[in-house]
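No hydrogens, no waters, no symmetry mates; every other heavy atom, side chains included, goes into these values. Numbers here are sequence positions counted from 1.
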Amino acid sequence: MDTETAPSTTRRRRKKSMVWEHFTVEVVSNGCTRACCKLCKQTFAYSNGSKVAGTSHLKRHIALGSCPKIKNLENQQLALASATRIDGDTSDPPKKRYRTSGFVNVFDQEESYLYLAKMIIVHEYPLHMVENPAFVSFVQSLQPRFKMVDVNAMEGEVLSVYHKEKQNLMQIFGTMPGRISLTIGLWTTSQTLGYICVSGQYVDSDWKLHRRMLNFMLVSSPHSENALSEAISVSLSEWNMKTKLCTITLDNNCSSHDIYSSNLRDYLSNKNTLMLKGQLFVVRCYANILNVVAQDVIASIHGIVYNIRESVKFVKASPAREEKFAEIALQIGIPGRKALSLDVTTLWNTTYLMMEAALEYKEAFTFLETCDDNYNEAPSADDWKKVEVVCTFLRLLYDSANTIMTTIEQTANIFFQEAWKVQLELANGTLSEDTVVSSIAKEMHEKFDKYWKDCSLVLAISVVMDPRFKMKLVEFSFAKIYGEDSARYIKVVNDNIHELYLEYVSQPLQLMPAYVDQGEANHMNGNDNNPPATPNSTGDGLLDFDVYLSEMAVNQSTKSELDQYLEESLVPRIQGFDILNWWKLNNLKYPTLSKMVRDVLAIPVSMVGTGCSIFGSGTGSRVLDDYRSSLRPETVEALFCAKDWLQYLPTMTEPSSTAIVKLEF
């Protein structure tokens, strides 16, 4: 009996891609198929019977204008628009919008100019790259309709971006609830000119810390006090900040800063704008002082450092030498936990790590010198002793710098607990009976002690505003640093905090909901008024008790917000504590004190921003390269400031949605 073959139930899957509106499938031979363009009749590989090529190349044929029929259509549209303008219609032609299968991007010449300018700004590309033939060819391959601009036009686009972002930032500053603190950095050029970089740091209404570059100004003599004073005054006027200035943080390149800061301090004090009559006006950069102390002590043993560097070079010159050195270390019994490394001479942390690793192998280097005639750079026993002492003190600075760099929000309160430990250890080192230890400690302490005397007050006030420490850490640390004389220094901090608080009390307070210490019930019920002078009796016979409660409330209200804050228990020291968020949550409880705290925590104790290396900040002025030195000063300022501002825009980190339309024929 014949078997009847059942009809196949397999259905061919329906093609869903929009590309098939413009292509048909043609069978060639042996099951192979090709896609044929309905317009120009060109064919493209589609499948060979077992493997499908996909549709990406078909989309490119339509979307990128490869189809000659589509190109002709575009040319006709352009000719029609041109003829319309010749006939007397001077209005701009409508933008070409194509309707196709959902995969064509709308091309906008002006938007492309804008993104090109932002790319040059953010990535620090030279302006003249727009005239580089290779770059022009590359752009044309991406979008043939893009008309490249020349250097002058791109410079104008950069300035346009700068002015637009500056207006946006000025609007933000207009709603800024507190003061702003400045940082002043110096840049030099290959010529005799220089630039002053002014940045501002502040805490916004949402209790978020921000730092923005404000100006990058050309000055003829950047190290003169008059130039610095004028640059700061110009920046304050330009940004309407004369009544909002809190402090100015300087790096160590600002020689004679005591002179110019006193002049500017007097000028601003006449306007009654400075806190504590200018006592907190000038702040020295903590990162800079760490670098100065570290680099100077390394320089004091430069001969020994040279021998160690050459010793490491010798060992690492070949695998055979490294193997021989490892065998020597194993024979001597050196655990070899650290690997030898060469330093970068401009980064003191790498020199410290090089010396620390070499110190572990000091006996191996000595032994190597006795068995290898080619090696004669081993430091002496006295040299190794100095290296050991220097590394002990450098470890203090290294650990302190790393703690600061790994802190996400570098509010002013984090620096006190770092600075006082360095001050204490160096001071104790000067008292050592070991002459090598005491001499090295004295050299380092002399420089750091000057910083401590200049900045300990602002550091102490800042840490008191940390609810985990308040005055307790100041009392604890000062007792260790000053001994029996500590009470006098503690009183100075306490008196200045109360005086600063009174300055804020005298300022008008913005209207805000009242904080009800007894609970949220009255506030939730809408009863935010103060308790009446005469208590209302509830008829339960406790009128005297009501009077007693009223008197207690009056007595408590005489206590200032600052005193209430200081008397309350410390907040537990938990990992990840967010001090700005804590004050945001307690803003209603301490409305006046929180205004003061907002300004104090925004003081930039370090000029090195979050995410940047402290070790690379150096002690000398930063140098502007020859190309940027050749640009007009206003262009240089636009490039520097706009780069800083653009990095915070979400559009620079997330791709914007692209308009998709369909192509009509």
Distance from I308 atom CD1 to E377 atom CD, nearest 0.5 Å?
-> 11.5 Å

Heavy-atom closest contact (L245 atom, T247 atom, distance) | CD1-O, 3.6 Å

Quick one: do E388 and K385 make a salt bridge, cutoff under 4.0 Å?
-> no

Ring centres of F325 and Y361 under 6.0 Å apart?
-> yes

Taking all heavy atoms of C391 and all of M355, pick out the closest pair and write down the distance.
-> SG-CB, 3.8 Å

Within 6.0 angstrom of E503 CD, more than 12 heavy atoms from elsewhere | yes

Correct closest heavy-atom pair for E425 and F393 would be O-CE2, 4.1 Å

Check for a donor-acceptor pair, side chain of S235 on one end and backbone N or O of I232 on the other, with a separation under 3.5 Å.
-> no

Do any N or O atoms from the side chain of S237 and from the backbone of V234 form a donor-acceptor pair under 3.5 angstrom?
-> no

State plainly whether the residues K584 and D206 are in salt-bridge range, i.e. N to O under 4.0 Å.
-> yes

Taking the side chain as every heavy atom from C-beta outward, state whether I298 and L394 have any pair of such atoms under 4.5 Å apart.
-> yes

Cut-off 3.5 Å, side chains only: do S380 and D383 have a donor facing an acceptor?
-> yes

With distance as the sole test, does S181 use its side chain to make a donor-acceptor pair with the main-chain N or O of P604 at under 3.5 Å?
-> no

Count the heavy atoms belonging to other residues, nucleotides or ligands that lie under 6.0 Å from NZ of K386, then report whether that count exceeds 12.
-> no

Spatial distance of atom NZ (K470) from atom CE (M465) [nearest 0.5 Å] = 9.5 Å

Taking every heavy atom of M275 against every heavy atom of C246, the minimum-distance pair comes out as CE-SG, 3.0 Å

Under the ring-ring contact (aromatic ring centres under 6.0 Å, His included) test, which residues partner F173, sequence neighbours left out?
-> Y202, W239

CA sep, side-chain torsions, deciding dist, call: Q279, L500, side-chain contact (heavy atoms from CB on, under 4.5 Å) | CA-CA 10 Å; Q279 287 190 71; L500 180 59; over 6 Å; no

Of all pairs that satisfy ring pair (Phe, Tyr, Trp, His ring centres under 6.0 Å), the ones with a partner from residues 296-315, not counting sequence neighbours | F314-Y375

One should read off an interatomic distance between M596 CE and L502 CG, to the nearest 0.5 angstrom, of 9.5 Å

Test item: Y648 and H210 side chains (from C-beta on) under 4.5 Å apart, heavy atoms | no

Euclidean distance, I196 CD1 relative to L186 CG, rounded to 0.5 Å | 6.0 Å

So, is the end of the R598 side chain (NZ or CZ) under 6.0 Å from the ring centre of W207 and within 45° of the ring's axis?
-> yes

Apply side-chain contact (heavy atoms from CB on, under 4.5 Å) to the pair Y162 and I121, showing each step before the final yes or no.
-> CA-CA 10 Å; Y162 163 74; I121 292 170; over 6 Å; no

Please name all residues satisfying side-chain hydrogen bond (donor to acceptor under 3.5 Å, both in side chains) with T351, sequence neighbours left out, ordered by chain then number.
-> D343

salt_bridge(D204, K208) N-O dist < 4.0 Å = no

Output a table of donor-acceptor pairs, distance under 3.5 Å, between side-chain atoms of residues 412-422 and any protein atom two or more places apart or on a different chain; print 'none' if there are none.
| unit_1 | atom_1 | unit_2 | atom_2 | d |
| --- | --- | --- | --- | --- |
| N413 | OD1 | T411 | OG1 | 2.5 |
| N413 | ND2 | D466 | OD2 | 3.1 |
| E418 | OE1 | S400 | OG | 3.3 |

Hey, is the main chain of K244 close enough, under 3.5 Å, to the side chain of R179 for a donor-acceptor pair?
-> no

Look at the rings of F478 and W452 and say which category their plane angle falls in: under 30° parallel, 30 to 60° tilted, over 60° perpendicular.
-> perpendicular

Report the residue from V474, I497, N494 that forms a side chain to side chain contact (heavy atoms under 4.5 Å, CB included) with I461.
-> I497

Applying side-chain contact (heavy atoms from CB on, under 4.5 Å), run through Q201 and Q410 and close with a yes or a no.
-> CA-CA 11 Å; Q201 185 159 296; Q410 293 186 10; over 6 Å; no

How would you list, by chain and number, every residue that makes a ring-ring contact (aromatic ring centres under 6.0 Å, His included) with Y501, sequence neighbours excluded?
-> none

Less than 4.5 Å apart, any side-chain heavy atom of V297 and any of S300?
-> yes

The residue among T189, L631, L193 that forms side chain to side chain contact (heavy atoms under 4.5 Å, CB included) with L624 is T189

Answer yes or no: is there a donor N or O on one side and an acceptor on the other, between the side chain of S486 and the main chain of Y482, under 3.5 Å?
-> no

By salt bridge (Lys or Arg N to Asp or Glu O under 4.0 Å) - contacts of K447 (at least two apart) = D296

Where the side chain of R211 meets the backbone of M607, is there a donor-acceptor pair that is under 3.5 Å apart?
-> yes

Parallel, tilted or perpendicular: rings of Y125 and H123 (30°, 60°) | parallel

Any donor-acceptor N/O pair, K643 side chain to E124 backbone, under 3.5 Å | no

Considering only heavy atoms from C-beta outward, does the side chain of N496 approach that of L280 to under 4.5 Å?
-> no

When rounded to the nearest 0.5 Å, the distance separating CG of D644 from OG of S199 is 6.5 Å

Over all atoms of both residues, closest heavy-atom pair of A441 and G429 | CB-C, 3.4 Å

Considering only heavy atoms from C-beta outward, does the side chain of V219 approach that of E230 to under 4.5 Å?
-> no

Donor-acceptor contact present, side-chain S432 to main-chain V437, <3.5 Å | no

Say whether, by atom type as modelled, one donor and one acceptor occur between the side chain of T430 and the main chain of A427 under 3.5 angstrom.
-> yes

Between W645 and M213, is there a donor-acceptor pair closer than 3.5 Å when you use the side chain of the first and the backbone of the second?
-> yes

If you measure from the Lys or Arg side-chain nitrogens to the Asp or Glu carboxylate oxygens, is any gap between K453 and D449 under 4.0 Å?
-> yes

Could D454 and K450 be called an ion pair, given the rule that one side-chain N must be under 4.0 Å from one carboxylate O?
-> yes

Heavy atoms of other groups near I408 CD1, more than 12 under 6.0 Å = no

Please examine the side chains of W384 and L359, heavy atoms only from C-beta on, and report whether any two atoms are closer than 4.5 Å.
-> yes

Go through I304 and V390 one step at a time and tell me if the side-chain contact (heavy atoms from CB on, under 4.5 Å) criterion holds.
-> CA-CA 11 Å; I304 304 174; V390 168; over 6 Å; no

How close do P467 and W583 get, heavy atom to heavy atom, and via which atoms?
-> CD-NE1, 4.1 Å

Do K166 and E637 meet the salt-bridge criterion of a basic N to acidic O distance under 4.0 Å?
-> no

Side chains of N376 and E369: do they bring a donor and an acceptor to under 3.5 Å?
-> no

Does any non-hydrogen side-chain atom of N402 lie less than 4.5 Å from one of N349?
-> no

Under a 4.5 Å cut-off applied to non-hydrogen side-chain atoms, are W348 and V292 in contact?
-> no

